[in-house]
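For reference, the structure discussed in these notes is given below.
Only this structure's heavy atoms are used, side chains among them; waters, hydrogens and symmetry mates stay out. The first residue of the sequence shown is numbered 1, and numbering continues consecutively from there.
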Amino acid sequence: MKTISVAHSPDADDIFMYYAIKFGWVTPNDAKFTNIADDIETLNKATLQGEYDICAISFALYPFVKDDYALLKTAVSFGEGYGPKLIKKKGTRLKKNFKVALSGEFTTNGLLFKIAYPNARITYMNFLEIEQAVIDGVVDAGVLIHESILNFSDELEVEKELWDIWVELSGGDLPLPLGGMCIRRSLPLHSAIDYENTLIKAVDVANKNRKVLAPMLLDKGLIRVDADTLDTYLDLYANDNSVELSDIQYKALDKLFELGYKNGFYENLIKSQDFLIPSLYKELRAK
């Protein structure tokens with residue numbers, strides 16, 4: 001049986017969406033999935049190097065890997081009135097060229113930040129270190145992501161919501177694309193379709209059985225947060241809208257890629273639906 005590497009972040013939403021497979025509730029037809037958990041920017045860079053068969057990525061990375069990876073339609077995270085936060089120490093005022101900590105060069109929050117604050121001096125660090133770096137004065141500000149947006153020090157305050165930046169740049173009425181998954185194009189097409197369907201089913205099963213799965217993840221120590229925070233976080237990033245990309249989510253992705261292209265970050269303007277797995281292939285082949 002073929003072994004397929006599936007990489008995801010150790011964040012609560014990714015763990016939640018994958019573990020229906022890990023616990024054996026959902027299984028692929030002709031392969032064994034092995035999972036690797038790592039920081040999202042590490043996964044972005046690994047995808048640039050073609051390291052994994054299936055990998056979680058920041059959506060902002062995708063135009064850089066489109067020739068080698070197809071977009072998957074599932075395990076997606078979008079913000080709806082919320083998202084990463086630009087924070088600073090309370091009572092401080094940021095200069096035009098303030099020093100900021102971002103969680104990665106290829107993250108979606110990084111792309112939006114660089115468009116909104118072209119004069120800021122950027123340093124990159126693990127997202128878990130950003131809050132303390134701001135408190136210690138290593139940087140003037142930082143962008144918090146993942147569970148960090150829910151609980152941070154009373155010494156800090158929000159300078160700007162990345163959601164508000166997204167609304168200003170996109171024109172409003174679209175969810176904020178944050179993260180998704182991609183699959184290696186060199187895999188046989190019929191297998192890739194099966195793997196995507198497996199992941200869609202896994203996210204759907206996890207979402208429908210949240211009251212069973214979430215306590216299991218907490219009991220096994222697989223989640224960094226407590227039960228209440230996990231419940232809030234899953235409401236935000238692992239929900240009905242995570243199971244399969246919708247029309248409005250495709251529009252949001254296209255707007256993100258358009259913003260990146262118009263601001264000189266991408267060489268080509270792409271449309272998200274042109275880079276999906278042609279899932280009707282097996283059905284058409286059977287006719």
Side-chain angles (χ1 to χ4, degrees), residues 13 40-41 44 56-66 71 76-88 93-124 127 130 134 139-146 148-150 152 156-182 236-237 239 241-242 245-276:
D13 55 332
I40 190 61
E41 182 66 0
N44 286 336
I57 59 167
S58 300
F59 276 129
L61 173 80
Y62 186 70
F64 296 111
V65 299
K66 61 182 175 56
L71 271 176
V76 298
S77 294
F78 283 71
E80 297 267 7
Y82 50 83
K85 301 175 184 291
L86 175 64
I87 51 93
K88 63 179 184 179
R93 185 173 180 176
L94 297 178
K95 298 179 180 179
K96 192 174 184 180
N97 66 336
F98 66 95
K99 187 176 182 180
V100 64
L102 302 182
S103 55
E105 180 182 0
F106 299 103
T107 58
T108 304
N109 71 82
L111 173 65
L112 295 176
F113 178 88
K114 283 179 277 192
I115 293 172
Y117 296 95
N119 296 304
R121 293 173 291 135
I122 297 170
T123 185
Y124 297 109
F127 79 94
I130 291 177
V134 179
V139 292
D140 303 312
V143 175
L144 299 183
I145 63 171
H146 300 321
S148 300
I149 68 172
L150 299 178
F152 53 87
L156 304 174
E157 63 183 1
V158 176
E159 168 72 12
K160 189 81 170 181
E161 296 277 354
L162 268 287
W163 167 257
D164 292 333
I165 292 174
W166 168 250
V167 169
E168 291 164 9
L169 292 173
S170 68
D173 300 324
L174 291 173
L176 168 58
L178 293 168
M181 299 197 83
C182 61
L236 299 179
Y237 293 126
N239 48 50
N241 296 324
S242 301
L245 282 166
S246 65
D247 288 342
I248 194 168
Q249 288 174 331
Y250 287 126
K251 290 179 182 178
L253 279 173
D254 291 345
K255 176 57 70 172
L256 179 71
F257 298 154
E258 178 188 324
L259 288 169
Y261 173 72
K262 287 184 175 179
N263 286 275
F265 292 98
Y266 305 138
E267 290 185 1
N268 305 107
L269 179 61
I270 67 171
K271 296 287 187 181
S272 56
Q273 288 176 285
D274 293 338
F275 293 88
L276 303 173

Can you measure from CG (Leu236) to CD (Glu80) and round to the nearest 0.5 angstrom? 10.5 Å
Using 0.5 Å steps for rounding, measure from the OG1 atom of Thr108 to the CG atom of Leu162. 9.5 Å
Non-neighbouring partners of Tyr82 that pass ring pair (Phe, Tyr, Trp, His ring centres under 6.0 Å), sequence neighbours left out: Tyr237
Distance from Phe78 atom CZ to Leu176 atom CG, nearest 0.5 Å? 8.5 Å
Looking only at heavy atoms, what is the nearest atom pair of Leu94 and Lys88, with distance? CG-CD, 4.1 Å
How would you list all residue pairs meeting salt bridge (charged side-chain N to carboxylate O under 4.0 Å, His left out) that involve residues 253-271, not counting sequence neighbours? Lys255-Glu258, Glu258-Lys262
Which pair of non-hydrogen atoms, one from Leu178 and one from Pro84, has the smallest distance, and what is that distance? CD2-CD, 3.9 Å
Taking all atoms of both residues into account, what is the closest heavy-atom pair of Leu112 and Leu256, and its distance? CD2-CD1, 4.1 Å
Could you list all the side chain to side chain donor-acceptor pair (under 3.5 Å) pairs where at least one residue sits in residues 163-176, not counting sequence neighbours? Lys160-Glu168
Count the heavy atoms of every other residue, nucleotide or ligand shown that sit under 6.0 Å from NZ of Lys114, and state whether that count exceeds 12. yes
Of all residues at least two apart in sequence or in a different chain, which pass the ring pair (Phe, Tyr, Trp, His ring centres under 6.0 Å) check with Phe64? Phe106, Tyr266
For residues 97-113, the salt bridge (charged side-chain N to carboxylate O under 4.0 Å, His left out) pairs (sequence neighbours left out) are none
Would you give the length of the straight line joining atom OG of Ser77 to atom CZ of Phe59, rounded to the nearest 0.5 angstrom? 8.0 Å
Using a 3.5 Å distance criterion without hydrogens, assess whether the side chain of Ser272 forms a donor-acceptor pair with backbone atoms of Leu253. no
Do Phe113 and Thr107 come within less than 4.5 Å of each other through their side chains, counting heavy atoms only? no
Between Leu144 and Ile149 the two heavy atoms that sit nearest each other are O-CG2, 3.4 Å
Do Ile248 and Leu174 make a side-chain contact, defined as non-hydrogen atoms from C-beta onward lying under 4.5 Å apart? yes
Taking the side chain as every heavy atom from C-beta outward, state whether Asp140 and Arg121 have any atom pair closer than 4.5 Å. yes
For the CG atom of Asn263 and the CG atom of Leu169, what is their distance to the nearest 0.5 Å? 7.5 Å
Hey, does Tyr124 have a side-chain heavy atom less than 4.5 Å from the side chain of Ile130? no
Heavy atoms, side chains only, cut-off 4.5 Å: are Val139 and Phe98 in contact? no
Given side chains that start at C-beta, do those of Leu86 and Val158 come closer than 4.5 Å, heavy atoms only? no
Using the test side-chain hydrogen bond (donor to acceptor under 3.5 Å, both in side chains), find all partners of Lys66 that sit at least two apart in sequence or belong to another chain. none
Distance col, row Leu276:CG vs Cys182:SG, nearest 0.5 angstrom, shows 12.0 Å
Any side-chain heavy atom of Tyr62 sitting closer than 4.5 Å to one from Ile270? yes
Between Ser246 and Asn241, is there a side-chain heavy-atom distance shorter than 4.5 Å? no
Which heavy atom of Glu41 sits nearest to which heavy atom of Gly104, and what is that distance? CD-CA, 3.4 Å
Write down the atom of Ile115, the atom of Leu259, and the distance for their closest heavy-atom approach. CD1-O, 4.0 Å
Please name the residue in the list Glu159, Glu161, Glu157 that meets the salt bridge (charged side-chain N to carboxylate O under 4.0 Å, His left out) test with Lys85. Glu161
